[in-house]
There are 2 protein chains.
Amino acid sequence: MPRTLTRKQRERQEREARILELGRTMLSEVGYLGLSMDRIAAEMEYSKGTIYQHFCNKEEIILALANEALEKRLQMFEQAATWPGRPRERMAAIGAAAEEFVEHYPQHFAVEQIVRSASIWEKTSSQRQEFMHSCESRCLHIVSGVVRDGLAQGDLKLPAGRTPEDLVFGLWSLNFGAYTILTSSDSLGDNGISDPVLALRQSQHRMLDGYGWQPLSQELDYMALMDQVKNEVFRDA
Amino acid sequence: MPRTLTRKQRERQEREARILELGRTMLSEVGYLGLSMDRIAAEMEYSKGTIYQHFCNKEEIILALANEALEKRLQMFEQAATWPGRPRERMAAIGAAAEEFVEHYPQHFAVEQIVRSASIWEKTSSQRQEFMHSCESRCLHIVSGVVRDGLAQGDLKLPAGRTPEDLVFGLWSLNFGAYTILTSSDSLGDNGISDPVLALRQSQHRMLDGYGWQPLSQELDYMALMDQVKNEVFRDA
DNA sequence: GTCAAAAATTGACGACGTGTCAATAATTCC
DNA sequence: GGAATTATTGACACGTCGTCAATTTTTGAC
């Protein structure tokens, strides 16, 4: 047989993909609590036992979805980091990728939030945990690489004792926090925050300005650049 | 009767306080999923029905705890905002308050995260929801007030069309995101982020520097100032 | 002090969820 | 064709939520 997978194995994979597909939909529609193995089984027209053959608990499904999300974002970051231009422009491109990710795969972002909050972690296999760590780590590495390029070119200086990763941690926190608040608060407008996504962009760029990262945002229109990146790099998505 | 509350009413209040106390402990020990009305009832040596007299579901308990947390932080922010000094120093004082809050009431912060992620919101009474919004709003107002003071004194300028609230949104996101990541990730150290709390401080100050807010962090040691605020204002806590 | 009305408390119950596993059905391969 | 292997099933034990009729306790009028 020249095939690497038997028919059985392919069917199994397809079914697993269907479970994840359904899981993602359910998760974004009814949340973590609404996601039930019983309902997945009913919807798929398989018995519960069969579903448990694939994922030994709810949380495994969720972490598998989170891993898909992280992989997707990693890929988008890798693409964004190749943007031609000075390091600071590439940072803006990554910012655009982060924005695009949340906008285009809202369920993916929702899964990330869930994994960070509910006590899902303990119930999952170390294999998937390691995969998640690895994605996170590589993602961080891409961004800190751009910071290192900026440092090498003398475009910015870090305070004594601070690493590129510390700077990235700030950007990461800012992004994660902003989108978490954004998706879980319906009263931002009432509090004078009419365009939180724009506010997030500004905050990011002001932060980089604060590190003295050239060219500063007075010299270059990063808002326009980010729109351009979203149009040119991620237009097909 | 000179008393405003009857014995019955006082007993009721005390029991309610005990429920919340127990709820807070359980929540931080076993998480949202581990918190069960059955267990609360057993632990309190009352029947389930009695507990339901106080809170008509799990989520109400959690939101009540969240409200306590928000009230506590509001109080700390109010205190911090009275710090004598220029607006930017008062911002640093508020940053110190935020830090102190998370460190000193970790369960409180954990509750906030839970409310923002799990689908708790829909199941709760509008009364508690409004209280939460009100706390949030007042908290924001304190901080944006300091920004307005800074603007009035000419210490910073905002980009065209941006409100003080947009700036505060950035700081809020940064803080919330950082502490969320911090408490839900055990691999930060492996990724070169050895002191995330310090990284958060830096990020905040760089962001304010980016807005050109005087005095800049090169001119004034905000790290020392924050430590001082924590020692002098929040020493007793 | 007595006792009926009101209020508080109880816990069995139905509905639903998880994860298991002996029984059953389908598939493989000799 | 049929024994061995593998896949699938769904009843089951257990746990949780929120309800509500039944029971106990408290109240206050006499």
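In what follows, chains are A, B, ... by sequence order, proteins preceding strands, each numbered from 1.
- No hydrogens or angles considered: nothing links the side chains of Thr124(B) and Glu60(B) as a donor-acceptor pair under 3.5 Å.
- Note on Glu112(B) versus Arg73(B): salt bridge recorded, some NZ/NE/NH1/NH2 to OD/OE distance being below 4.0 Å.
- A side-chain donor from one of Tyr32(B) and Glu59(B) sits under 3.5 Å from a side-chain acceptor of the other.
- Note: CD (Glu11(B)) to C1' (dT26(D)) measures 11 Å, nearest angstrom.
- Between Glu100(B) and Tyr105(B), the closest side-chain pair of non-hydrogen atoms is not below 4.5 Å.
- Between Tyr52(A) and Gly49(B), the residue anchored closer to the 5' end of DNA chain C is Gly49(B), taking for each the nucleotide with the nearest heavy atom.
- Between Arg15(A) and dT8(D) there is a side-chain polar atom (N or O) within less than 4.0 angstrom of OP1 or OP2.
- Nearest approach of Trp172(A) to Arg116(A), heavy atoms of both residues: CZ2-NH2, 3.5 Å.
- Here dA11(D) is the nucleotide among dA11(D), dT8(D), dG18(D) with the atom lying nearest to any side-chain atom of Lys48(A).
- Side-chain contact of Gln113(A) with Ser117(B): a donor-acceptor pair under 3.5 Å is absent, judged by distance alone.
- Interface residues of residues 29-44 of chain B facing DNA chain C, ordered by number: none; criterion, heavy-atom separation under 4.0 Å.
- Summarising the geometry, the separation between CD on Glu45(A) and P on dT8(D) is reported as 15 Å, rounded to the nearest angstrom.
- Rounded to an integer number of Å, the gap from Tyr46(B) OH to dT25(D) C1' is 13 Å.
- Using modelled atom types and a 3.5 Å distance limit, the side chains of Glu136(A) and Asn191(B) yield no donor-acceptor pair.
- From the 5' end on, the contacts that DNA chain C makes with chain A at under 4.0 Å to a non-hydrogen atom open and close at dG17(C) to dT28(C).
- Between Glu99(A) and Glu103(A), the closest side-chain pair of non-hydrogen atoms falls below 4.5 Å.
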